[in-house]
Amino acid sequence: MTEVLRSEWTKIYTVRSTMWMLVATVVTMLGLAVMASVTAVLNDLPKSPDPIKFTLGGTQLAVLLMATLGVLVISGEYRTGMIRTTLLAVPRRIRMLSGKVLVFAVAALVTSLITILVTFFASQAVLGDLGTTLGAPGVLGALVGSALYLTASGLFGLALGALIRHTPGAIIAAICLMVVLPGLVQSLPGEWGPAVSRYFTTTAGQQITFTRPVEGALGPWEGFGVYCVWIAVIMIIATIFLRRRDA
Amino acid sequence: MPPDEVSSALGGDAWIMITAKNLTKRYGSTVAVDGLSFTVESGQVTGFLGPNGAGKSTTMRMLLGLDHPSHGSVTIDGKPYTQHEHPLRKVGALLDAKAVHGGRTARNHLLCLAQSNGIPASRVGEVLELVGLSEVARRRIGGFSLGMSQRLGIAAAMLGDPEILMFDEPVNGLDPEGILWIRTLMRDLAAEGRTVFVSSHLMSEMAQTADHLIVVGRGKLIADTSVQEFIGRSSQRYVRVSSPKLPDLVPLLAGGEVAMHDDHLRVLGMTAAEVGEAAAARGLPLHELRTVEPTLEAAYMELTQESTEFAAVTS
Ligand SMILES: Nc1ncnc2c1ncn2[C@@H]1O[C@H](COP(=O)(O)OP(=O)(O)OP(=O)(O)O)[C@@H](O)[C@H]1O
Ligand SMILES: [Mg+2]
C-alpha cells in the first residue's frame, strides 16, 4: 500500500491542473478575505458578532474548487485513458482507489489548513481593531472546521468523479448536490423544508465552519458527520461500480 | 504456481505463461470474443492475428484484468493478472500508447508507475535510454508524436524487467526504422527466454517476427499453429505446370482442382510428383513443373475472409 501511496503522490503533484486548482483555492480564499476586510475598515463597519465574518467569505467558492479538484484526480485518468495504465500497475481496484483517496485527503487537508491560517492572519492584519484572535471563543474551531469541510468537499468530488468517470458530468453533479439542491430543498413547502434541509449535504457539512451553533441546524460535529455519511455512501457506490465495470 | 513444462519447438525448455480457457466477452448484443481457448509459451514470439474487430484488443484487456470476461478464465503464470502482487514485474503491456496523461513528463509518468510496483527509480533512466527517449525525458508527453508515445509505452512495459510482454499493434504509426527496432526488440526478448505476445492485423509483419500464430476471426479461434505449419497447411499451395500440350494434360489431372491460365495451369490438391508422373505416363512434354508456396499473407486472407466457416484447427 505504501507503494501505491507514493505513486499516487507523484501523480498528484506532477500534473499542472492540481497546482492551478490549489492556486485558485488560495487566491479565492485570500482574495475574498482581504477584500472584505479592507471594505469593512474603509466603511468603518461596526464589529460583527461573528468574529470571522470577514475572514472565511471565500469558503463557499473554495468548496466548489476543491470538489472540482477531487473530480479531476480520477476523471482526468478516465479522460486520457491513463486509468488503464494505472490499473495495469495496481490491478486491485479498491487498493488503487484507496490510494487516491488517502493521498488526496492529506494533500487537501494540509493545503486547506495552510490557506485558512494564512487567510486568517492576513485579514486580521487588515482588520486591526475590528478583528479577533485565534484564542477567541470558537475561532480556532471554525478555522480547523473549515479546513475539514474543504477537505471533505474535495472527497465528495473524488467520489462523484469515480462514480461518473466523466469530468463535466461529475462537476455538474457536484454543483447540483452541493449548491443547487441544498437551496431547493430549503424552500420545500411546510415542515418538510427545514426538516430535510438540515441533513442535506453542505447544509449539514458547513455547520462545522461557524464559530457558534446555528439555531435550528445540526450541531457542528453532528452536521459534519452527516456530510461524511453522504460522501461515504457515494464512495461505496462508486467502489461497487469500480469493481464491476470494465476499465 | 509452477508452470507446466511443455516441449518447445525451439529445443530449450518452454513454459506455458498465458492460458485462456473458453474466454467469452459480450458487449450488449455484440459477441467480441467467443469461446476462445489458447496458451502462450515462453521463449518465442507468439503473433495474435485477426482482421479488424476480431477481438484481439478485447482479449488482451481480459488477460490483463481490465475487462471482465462474460465467461471463461485467463491466467498469467498460473494465476489471474489481478492477483500478482507486483504485476509490472511479471507482465509488461503496451495496449494504447496514447492512454497516458499528457500533462506529465516522460520521466514522471514512468516514475509513478515504477513506484507503484516497488521498482527502483533508477530503472526509469535505464528504460528511457533503452527506447531512445533520454533526450526528451523532461518534456511533457502530450507533445509526443505517435512514434515517441509508442516508444514510451514500450519503456513502461520494460520497466519491471518482466518475463511476459504483451503488445497490441506495436508498430502502428512507426516509421520503417521504428518497425525494425520493435521487431528486433521482440526477437531479442524472446531469445532471452521471455514470452512475447503481440497482436497485429498485418500478416506480413508477423511473418517476419513470430514463431507461433494464434489467428482469430469474429472472436473465434481459427488457427493455433507454428508459422511454418500455417503456411504449409494452406490449400493455396499449388502446382504450376506449363506444357505445349496443356489441353491434353487437363483430363489427366482429375485428382486435383485445375485452373487454366494463359500459358500454364494451376493444380490444387496434387503434388508436383503426381502431376509429373501423370504427364510422363502419356508422354506429354512439360516445360515447367513446380510447387508454389503460398505467402503467409495469402494463407491468412484465405482463413479470415470467411472466418466463421472455418472450424478451429489446433496443432
Ligand atoms: N467497450 C466496448 N463496447 C462495445 N463494443 C466493443 C467494445 N470494445 C470492443 N467492442 C467490439 O468488440 C469487437 C472486437 O473489438 P476489438 O477492439 O477487440 O477488435 P480488434 O481485433 O482489436 O480489432 P483491431 O484490429 O481493429 O484493433 C468489435 O466489434 C468492437 O466493436
Ligand atoms: Mg485492437
Side-chain angles (χ1 to χ4, degrees), chain A residues 1-23 69 71-100 102-104 107 161 165 167 239-247, chain B residues 25 27 32 57-58 60-70 76 80-105 107-119 121 124 140-142 152-153 156-157 159-160 162 166 168:
Chain A
M1 192 68 201
T2 42
E3 289 166 351
V4 176
L5 294 177
R6 284 180 63 195
S7 164
E8 287 298 332
W9 169 242
T10 303
K11 274 192 201 167
I12 211 168
Y13 79 80
T14 54
V15 293
R16 289 183 182 183
S17 59
T18 315
M19 291 304 146
W20 284 119
M21 292 306 296
L22 290 178
V23 167
L69 184 53
V71 165
L72 287 176
V73 163
I74 187 138
S75 72
E77 292 214 8
Y78 280 101
R79 179 178 56 80
T80 56
M82 178 70 191
I83 190 71
R84 269 178 249 124
T85 309
T86 296
L87 285 173
L88 287 184
V90 186
R92 297 186 185 170
R93 298 183 178 192
I94 293 182
R95 188 187 289 188
M96 182 278 291
L97 186 62
S98 317
K100 280 197 192 307
L102 265 169
V103 165
F104 176 75
R165 312 203 289 188
T167 311
T239 308
I240 293 169
F241 276 100
L242 178 68
R243 289 194 61 176
R244 285 209 191 143
R245 288 198 279 215
D246 293 335
Chain B
K25 180 68 184 179
Y27 295 107
S57 301
T58 306
M60 286 191 158
R61 284 200 304 274
M62 289 191 285
L63 291 175
L64 295 165
L66 293 173
D67 282 14
H68 304 296
S70 311
I76 303 285
Y81 182 84
T82 51
Q83 279 172 27
H84 287 274
E85 184 59 27
H86 289 125
L88 295 188
R89 299 201 209 166
K90 176 64 76 177
V91 185
L94 168 60
L95 293 185
D96 174 2
K98 281 288 178 189
V100 291
H101 199 301
R104 281 193 194 98
T105 64
R107 218 194 95 76
N108 283 334
H109 171 70
L110 295 174
L111 181 63
C112 69
L113 293 177
Q115 288 172 333
S116 68
N117 274 247
I119 298 163
V124 170
R140 303 209 297 148
I141 33 191
L152 181 65
L159 205 51
M166 279 190 217
D168 194 5

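All values derive from a computational prediction rather than experimental measurement. Here is how names work: the chains are called A, B, and so on, in the same order as the sequence lines, proteins then strands, and each is numbered from 1.
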*What do the steps show when you test A/Val15 against B/Arg104 for side chain to side chain contact (heavy atoms under 4.5 Å, CB included), and what is the final call?*
CA-CA 6 Å; A/Val15 293; B/Arg104 281 193 194 98; 3.5 Å; yes
*Please walk me through it: do B/His101 and A/Lys11 pass side chain to side chain contact (heavy atoms under 4.5 Å, CB included)?*
CA-CA 10 Å; B/His101 199 301; A/Lys11 274 192 201 167; over 6 Å; no
*Run the numbers on A/Leu88 and B/Leu66 for side chain to side chain contact (heavy atoms under 4.5 Å, CB included), then give the verdict.*
CA-CA 8 Å; A/Leu88 287 184; B/Leu66 293 173; 4.1 Å; yes
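In terms of heavy-atom pairs under 4.5 angstrom with chain A, the leader among B/Gly118, B/Pro80, B/Gly153 is B/Gly118. Between chain A and the options B/Ser116, B/Gly65, B/Ala93, the largest number of non-hydrogen pairs under 4.5 Å is found for B/Ser116.
Qualifying side-chain hydrogen bond (donor to acceptor under 3.5 Å, both in side chains) partners for B/Ser57, counting only residues two or more places apart in sequence or in other chains: B/Asp168. In this structure B/Gln115 satisfies the side-chain hydrogen bond (donor to acceptor under 3.5 Å, both in side chains) test together with A/Thr10, sequence neighbours excluded.
A donor-acceptor distance shorter than 3.5 angstrom exists from the side chain of A/Thr85 to the backbone of B/Ala99, with no hydrogens or angles considered.
For A/Arg16, the part sitting under 4.5 Å from any heavy atom of chain B is the side chain, from C-beta outward, and nothing else. Residue B/Asn108 touches chain A through both its backbone and its side chain, counting heavy-atom pairs closer than 4.5 Å.
Across all non-hydrogen atoms, the minimal contact from B/Pro87 to A/Ala89 is CG-O, 3.5 Å.
Within residues 239-247 of chain A, the residues having any heavy atom closer than 4.5 Å to a heavy atom of chain B are A/Arg243, A/Arg244, A/Arg245, A/Asp246, A/Ala247, listed by residue number.
A side chain to side chain donor-acceptor pair (under 3.5 Å) check over residues 87-96 of chain A, counting only residues at least two apart or in different chains, returns the pairs A/Arg95-B/Glu85.
Rounded to the nearest 0.5 Å, atoms CG (B/Asp67) and CZ (A/Arg84) are 8.5 Å apart.
Enclosure of atom CZ in A/Arg6 is not indicated, since only 12 or fewer non-hydrogen atoms of other residues, nucleotides or ligands lie within 6.0 angstrom.
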